[in-house]
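All values reported here derive from a predicted model rather than from experimental measurement. Letters A, B, ... mirror the listed sequences (proteins, then strands); counts begin at 1.
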There are 2 protein chains.
Amino acid sequence: MLNKKKQLLFEKQAQIAKAIAHPLRIAIVNYLRNGPQCVCDIAEQVGSERSNVSRHLSVMVSAGVLEYRKDGLKVIYKLKTPCILEFFSCVTRVLKQQARDNEKLLKVL
Amino acid sequence: MLNKKKQLLFEKQAQIAKAIAHPLRIAIVNYLRNGPQCVCDIAEQVGSERSNVSRHLSVMVSAGVLEYRKDGLKVIYKLKTPCILEFFSCVTRVLKQQARDNEKLLKVL
DNA sequence: TTATAATATGAGTATATAGTCATATAGTCA
DNA sequence: TGACTATATGACTATATACTCATATTATAA
C-alpha cells in the first residue's frame, strides 16, 4: 500500500498530466512553442470559442504549465516549463511503436 | 485553424496523456519501474480493487503505454515505452517551480 | 470433473469535465 | 463620459470517466 506522501505526489503529478491531456490543450501548448500569444490568437489558431479557450488556459495555469501577463486589453499566455515539450517526443515514440505494431498485425492477417 | 491531420495527431497524443493522467495510473506506472508485475500484486501495491486496477491497466494498454503477457492464471503487465518515465522528471520540475512560487508568495504576505 | 484462483467485463451510480451562452469585468480610445 | 474590445466566469447541459458489485472467462490442480 502507498503512504500518504506518495499519494499526494501522485495526485499532483496527475493534475499536471491532466492539464495537457486534451486535444485542444495540446494544440494550445503546441502553438505556444512559437512564443507567447493572446487568447484571441490562440482561439483563432485552435478553432474554438474564446470562452472555452480561456477556461482551458486557466486549467493549465493552475497546473503550473502556463503563465500569463496582462498587456492592455490582452492577456498573453506562455509556456512556463518548456520541458513539457519533451513529453511530446516520448508520445511520438509511443505512436510510432503503435504504427509498427499495426503493421505487424496487418501482415499476419 | 488546424487541419484534419493535426487534429487527429493531437487526439492521439491526448489519448496517451490521458492514459497516465490519473493518480492510480501514475502509481501503477511508478510501480512498474521495478519490472513486470501481475494484476494482483499491482492492486495490492496501489491499494485498490483488482477489477478497478484491471480496467486502468487496459486503458494504458489501449494507449500503448503498457503491454502484457499471460503466465498461467496471471497476467503480467509491463511498461512498453519506458520513455514515459521521462515525463515524470519534467513533472517534478513543474512541481518544484510551483513550490518556489509559493515560497515567494508567502514572503510577500 | 470439480473446486479454486486470477483476471476481465457488464451494468449501474456517482462524479468530473467540456462546451455553450449570457453576462461581468477591466482596459482603450474617441 | 460612452462605445468598444478582450477576457473571465456563472449557470446550464451533455458527455466521459471512475468505481463497485456481480458475474463470466480462463487456467490450474486435486
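Sorted by first and then second residue, the pairs that involve residues 89-109 of chain B and meet side chain to side chain donor-acceptor pair (under 3.5 Å), not counting sequence neighbours, are A:K80-B:D101, B:Q97-B:R100, B:Q97-B:D101. Annotation: disulfide (SG to SG under 2.5 Å) contacts involving residues 49-109 of chain B, sequence neighbours excluded, comprise A:C83-B:C90, A:C90-B:C83. Sorted by first and then second residue, the ring pair (Phe, Tyr, Trp, His ring centres under 6.0 Å) pairs with a member in residues 83-109 of chain A read A:F87-B:F87; sequence neighbours excluded.
Across the helix from C:dT1-D:dA30 to C:dA30-D:dT1, the helix axis at one end is tilted relative to the axis at the other end by 20° (nearest 10 degrees, each axis from five pairs).
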Check: What is the per-nucleotide protein-contact pattern of nucleotides 13-21 of chain D, from the 5' end, where B denotes a base atom under 4.0 Å from a protein heavy atom, S denotes such proximity for sugar-phosphate atoms only, and - denotes neither?
Finding: ----SSSBB
Margin query: Across nucleotides 23-30 of chain C, 5' to 3', mark each nucleotide with B, S or - according to how protein heavy atoms within less than 4.0 Å reach it.
Written below: ---BBS--
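In this structure, A:T81 has no side-chain hydrogen bond (donor to acceptor under 3.5 Å, both in side chains) partners at least two apart in sequence or on a different chain. Listed by chain and residue number, nothing satisfies the side-chain hydrogen bond (donor to acceptor under 3.5 Å, both in side chains) test with B:S54 (two or more places apart in sequence, or in another chain).
Each of A:V91 and B:V59 belongs to its own hydrophobic cluster when Ile, Leu, Val, Met, Phe, Trp and Tyr are linked at side-chain heavy-atom distances under 4.5 angstrom. At a threshold of 4.5 Å between side-chain heavy atoms, the hydrophobic network of Ile, Leu, Val, Met, Phe, Trp and Tyr places B:L85 and B:M60 in one connected group. No chain of hydrophobic side-chain contacts below 4.5 Å, direct or via other Ile, Leu, Val, Met, Phe, Trp or Tyr residues, connects B:I76 to B:I84.
When all heavy atoms are compared, the tightest approach of B:S62 to B:Q15 is O-NE2, 4.3 Å.
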Name every donor-acceptor pair, under 3.5 Å, that has one atom in a side chain of residues 64-72 of chain B and the other anywhere in the protein, sequence neighbours excluded.
none

Ignoring hydrogens and angles, write down the donor-acceptor pairs under 3.5 Å from the side chains of residues 25-46 of chain B, residues two or more places apart or on other chains.
unit_1 : atom_1 : unit_2 : atom_2 : d
B:R25  : NE     : B:A19  : O      : 2.9
B:R25  : NH1    : B:H56  : ND1    : 2.8
B:R25  : NH2    : B:K18  : O      : 3.1
B:N30  : OD1    : B:R33  : NE     : 2.9
B:N34  : ND2    : B:Y31  : O      : 3.1

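Going from atom CG of A:L57 over to atom P of D:dT9 covers 12 Å, rounded to whole Å.
DNA chain C lies under 4.0 Å from at least one heavy atom of each of the following residues of residues 37-45 of chain B: B:C38, B:V39, B:C40.
The shortest side-chain heavy-atom distance between B:V75 and B:L57 does not fall under the 4.5 Å cut-off.
One finds a side-chain N or O of A:Y77 lying less than 4.0 angstrom from the OP1 or OP2 phosphate oxygen of D:dA8.
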Note to self: One pair to check against side chain to side chain contact (heavy atoms under 4.5 Å, CB included): B:F10 and A:L24. What are the steps and the verdict?
What the structure shows: CA-CA 8 Å; B:F10 292 151; A:L24 209 63; over 6 Å; no
